[in-house]
Amino acid sequence: MEAPFDATSWDGITGAIYAGYGSVEWLWILLSLACVVVAIIGGWRHEKHAYEAATKGQK
């Protein structure tokens, strides 16, 4: 990770420092999005199967 300033110590550095500066943050965002999509698809498939199993005996 790169820092947004040139310093050899923390003396004189104030304010909030964003730790993600210079990283591949987009990779983690895409990975998180992929996990959400997988969870949605998995839940949808499970609910469809459970619904079909529950309504099978009602006909």
Side-chain angles (χ1 to χ4, degrees):
M1 251 191 280
E2 305 251 347
F5 48 82
D6 295 323
T8 56
S9 72
W10 287 103
D11 295 337
I13 297 181
T14 60
I17 305 298
Y18 178 58
Y21 180 81
S23 67
V24 288
E25 185 176 350
W26 59 269
L27 175 67
W28 296 112
I29 291 172
L30 291 178
L31 184 62
S32 298
L33 180 61
C35 289
V36 168
V37 169
V38 167
I40 289 172
I41 291 172
W44 169 70
R45 291 182 66 196
H46 170 72
E47 288 298 317
K48 181 179 177 191
H49 175 72
Y51 177 77
E52 289 172 354
T55 58
K56 183 195 267 185
Q58 294 181 359
K59 291 183 180 182

- Any chance you could measure Cys35, atom SG, to Leu30, atom CG, to the nearest 0.5 Å? 11.0 Å
- For the atom pair CH2 (Trp28) and CG (Leu33), what is the distance rounded to the nearest 0.5 Å? 14.5 Å
- Task: Kindly indicate whether the side chain of Val36, heavy atoms from C-beta on, has any atom under 4.5 Å from the side chain of Ile40.
- Result: yes
